[in-house]
**Q** 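Attaching a single structure in structure tokens format; questions to follow.
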Amino acid sequence: MTSKPTEQIAAERDESGDEGSTEQALTPGRVLDHGRYRLLSQVGADKRCNVQLWRAKDGVLGRDVALTILVGDRSDAEAASGARRTLERAMHASTFNHVGVARVLDVVTQSSSDPTGVLGLVIAEWTHGTDLLDLVAEGPLPPGTAARLLQPLAAAVEAAHHAGLVLGADHPQRIRVTPDGEIRMAFPGPMAQATSSDDVRGLGAALYLLLTGRWALGDAPEGLPAAPTGPEGNLVAPRTLRPTVPLELSTVAVRALGNPDSIGTTGGVRTGAAVLRVLEQHATFENSSASAQGARSTESNEVWRREDPKPDKAKRKKLMISVGVLAVATLLVVGWIAASLIGMFTETNTGHNTGQVIGETGNHPGGQQQPTNTPNLIKVPVTSATQFSANGSPDNPNRIRNIVDGNPATDWGTSRYNQQLGPGGISSGTGAVLTFDHAAVPRELVINSASVGTVVEVRTVEGAPSPDGGTLLGSATLGNGDTTIKLNTDSPVQQILVVIKQLIPRDGGYGSQINEITVNGAAG
């Protein structure tokens, strides 16, 4: 089904001579930009704008890069103007960092040594993994898998639009799948006339492709089947082709593809955020029957509620009364012990013939036995875990529930960040809000993780969760296995924020992973 060219690593060859000849095509082994980039293999082409997509080797830094090569007639004023506009937009995008988009490393115009038809280059970091079309080469994906894979790209589109940028994510060969199983914009460089609506339509087309194995926008690569249309020219919904596709996923794919200016389309979805919300709800949706779909949808809505659960006032009142009674009882016991000790010493000083031996009173009730300062601890039930990210982009939200499922074999991990903090990093923190089934006094937190060196803080949640808000209850640097964090609080709470403040180096960037979190509190 895929039209991906066979990747052949080019052999080193001499590029001296007439390198500017129009007869010399872009072929493996050619070098561009004064010999810096050697072409290795062509991985696609966007014929809408005369763009070739190549994997190349950066001879200066010794690394593979992704080249978006703009080709055309240099004497054609319209082609030259369009190329300049694309290069300008790519240059603006070089400041944008997101896990769902390959980082733009450089933007260059044609050099005298390049073939005559080259109008410019957009150089981006190379995305290891596979071509998007390879995923559907043997058939469409399960709906839940398709939704999960597409989440990073949808989040990137939304973040880019907030930054005033357009990605150009509307062509299947510009998109690749990372080894971690995340879909990524691998070849930045939008067409001169591209708009944010084209990015949203690209999300709809990518989702349609994963659900059906068909491409719903024009200019599909050779061999990729086009999406079917009905008698009136309307796009056939994925659910019609595959009844196991959830209604919401099918609807958002069609409506994201819709263009109000086109005949036979519905429109209605115009933002990446709208697509992302539906993907999050169905990221693990695998059931095929309608009844199972309804049951799982209800469960998903309970987990991914938008408002924080409200504390139970009746339970809180009962708890406060119990705490008050316990405090009074404690004062009475302490007073009785003090009175007994005073009486014992007074009696010893006034009556020497009583036969009382002070050293033998250690086992006497209320005598010399020292009370323990460590209360008995019980496990605090956690009803839900909600992903929190200070930079506004969720980190694998569909997997966050794994940290409280009681199974250390499952895990949640952060996204891969290009740097530790700041733009492209975790900002001021990422983690999870844990909600208890009733207000409790948490005494310790046990985190199971293999990300040695990760720094974690535990804070109260007062209003909206904040990585630097609330009260700091405790912090620790994680070791291998279980790490216990003692919490300094005597007040009952119903939510706490577990926030990662420092990641560890991973996969050429930064990230951390948590397997399980257990909360222990004071016994009532």
Side-chain angles (χ1 to χ4, degrees), residues 1-2 4 7 43-44 55 64 66 97-103 124-159 167 169 172-187 202-203 205-213 244-246 249 253 272 275-286 300 387 389 393-403 405 407 409-418 430 450-451 503-504 506-515:
M1 179 177 294
T2 176
K4 176 184 173 183
E7 294 196 3
V43 297
R55 180 178 185 175
D64 286 1
N97 289 298
H98 195 282
V99 68
V101 182
R103 185 163 55 96
E125 60 183 352
W126 175 249
T127 300
H128 294 278
T130 184
D131 192 287
L132 177 64
L133 301 183
D134 287 342
L135 283 184
V136 295
E138 297 181 0
L141 303 182
T145 303
R148 174 172 53 82
L149 292 176
L150 196 57
Q151 283 186 83
L153 182 59
V157 166
E158 177 63 13
L167 298 182
Q173 291 182 319
R174 287 179 178 259
I175 301 170
R176 291 178 61 81
V177 186
T178 69
D180 294 332
E182 296 179 339
I183 290 180
R184 190 184 198 203
M185 180 70 183
F187 290 91
L203 289 177
L207 180 57
Y208 196 103
L209 174 66
L210 297 178
L211 295 175
T212 67
T244 58
V245 174
L249 279 180
V275 178
L276 181 60
R277 282 195 294 269
V278 177
L279 295 178
E280 290 175 346
Q281 293 170 0
H282 294 274
T284 58
F285 198 108
E286 302 292 348
S300 179
Q387 209 283 314
S389 179
S393 299
D395 289 47
N396 300 318
N398 57 301
R399 294 172 56 191
I400 194 68
R401 70 191 70 178
N402 291 342
I403 66 175
D405 64 355
N407 182 10
T410 62
D411 62 76
W412 166 81
T414 68
S415 302
R416 175 190 171 277
Y417 290 93
N418 294 323
T430 183
S451 297
L503 303 171
I504 63 172
R506 187 180 72 176
D507 299 334
Y510 293 90
S512 292
Q513 175 180 306
I514 294 177
N515 298 337

**Q** Using every non-hydrogen atom in the two residues, find where Ala124 and Ala102 come nearest and quote the distance to one decimal.
**A**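 In terms of heavy atoms, the two residues are closest at CB-CB, 4.2 Å.
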
**Q** Just to verify, what does Gln151 make a side-chain hydrogen bond (donor to acceptor under 3.5 Å, both in side chains) with, not counting sequence neighbours?
**A**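 So Gln151 forms a side-chain hydrogen bond (donor to acceptor under 3.5 Å, both in side chains) with Asn398.
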
**Q** Restricting to side-chain contact (heavy atoms from CB on, under 4.5 Å), what partner residues turn up for Ala205, sequence neighbours left out?
**A**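 Testing Ala205 for side-chain contact (heavy atoms from CB on, under 4.5 Å), a comparison that skips the adjacent residues, returns Trp215, Leu217, Leu257.
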
**Q** Give a yes or no answer on whether the side chain of Asn407 reaches the backbone of Ala409 with a donor-acceptor pair at less than 3.5 Å.
**A** yes

**Q** Using 0.5 Å steps for rounding, measure from the CG atom of Leu207 to the CG atom of Leu279.
**A**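 One finds 6.0 Å between CG of Leu207 and CG of Leu279.
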
**Q** Which heavy atom of Tyr208 sits nearest to which heavy atom of Ala253, and what is that distance?
**A** N-CB, 4.4 Å

**Q** Please round to the nearest 0.5 Å and tell me the distance separating atom OG1 of Thr414 and atom CG of Asn396.
**A**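 With rounding to 0.5 Å, OG1 (Thr414) is 7.5 Å from CG (Asn396).
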
**Q** If you measure from CG on Leu211 to CG on Leu150, what distance do you get to the nearest 0.5 Å?
**A**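 These two atoms lie 9.0 Å from each other.
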
**Q** Between atom CD of Glu182 and atom CZ of Arg148, what is the distance when rounded to the nearest 0.5 Å?
**A**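 Here the interatomic distance stands at 9.0 Å.
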
**Q** Identify, with sequence neighbours excluded, every residue that meets side-chain contact (heavy atoms from CB on, under 4.5 Å) alongside Ser415.
**A** Val99, Asp395, Tyr417

**Q** Starting at CG of Asn402, measure out to CH2 of Trp412 and round the result to the nearest 0.5 Å.
**A** 11.0 Å

**Q** Can you give me the closest heavy-atom contact between Leu141 and Thr145, atom names plus distance?
**A** CD1-CG2, 4.4 Å

**Q** Applying salt bridge (Lys or Arg N to Asp or Glu O under 4.0 Å), name anything that partners Asp405, two or more places apart in sequence or on another chain.
**A** none

**Q** Looking at every non-hydrogen atom in both residues, tell me the closest pair between Pro152 and Leu149 and how far apart they are.
**A**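 That closest heavy-atom pairing would be CD-O, 3.3 Å.
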
**Q** With sequence neighbours left out, what residues match Glu125 under salt bridge (Lys or Arg N to Asp or Glu O under 4.0 Å)?
**A**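 Scan of Glu125 (salt bridge (Lys or Arg N to Asp or Glu O under 4.0 Å), adjacent residues dropped) gives Arg184.
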
**Q** Partners of Asp411 by side-chain hydrogen bond (donor to acceptor under 3.5 Å, both in side chains), sequence neighbours excluded?
**A**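 Residues passing side-chain hydrogen bond (donor to acceptor under 3.5 Å, both in side chains) with Asp411: Arg399.
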
**Q** Assess whether side chain to side chain contact (heavy atoms under 4.5 Å, CB included) is satisfied between Leu210 and Leu132, documenting all intermediate values.
**A** CA-CA 9 Å; Leu210 297 178; Leu132 177 64; 4.0 Å; yes

**Q** Measure across Val157 and Gly272 and return the closest heavy-atom pair with its distance rounded to 0.1 Å.
**A** CG1-CA, 4.4 Å

**Q** Compare all side-chain heavy atoms of Leu133 with those of Leu209 and state whether any distance is below 4.5 angstrom.
**A**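 They are in side-chain contact.
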
**Q** What are the two closest non-hydrogen atoms of Ala169 and Leu153, and how far apart are they?
**A**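 Looks like CB-CD1, 4.4 Å.
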
**Q** Would you compute the distance between atom CG of Leu503 and atom OH of Tyr510 and round it to the nearest 0.5 angstrom?
**A** 9.5 Å

**Q** Sequence neighbours excluded, which residues qualify as side-chain hydrogen bond (donor to acceptor under 3.5 Å, both in side chains) partners of Ser512?
**A** Thr454

**Q** For the side chain of Arg176 and the backbone of Thr127, is there at least one donor-acceptor N/O pair under 3.5 Å apart?
**A**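 Indeed, once roles are kept as given, a pair shorter than 3.5 Å links the two residues.
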
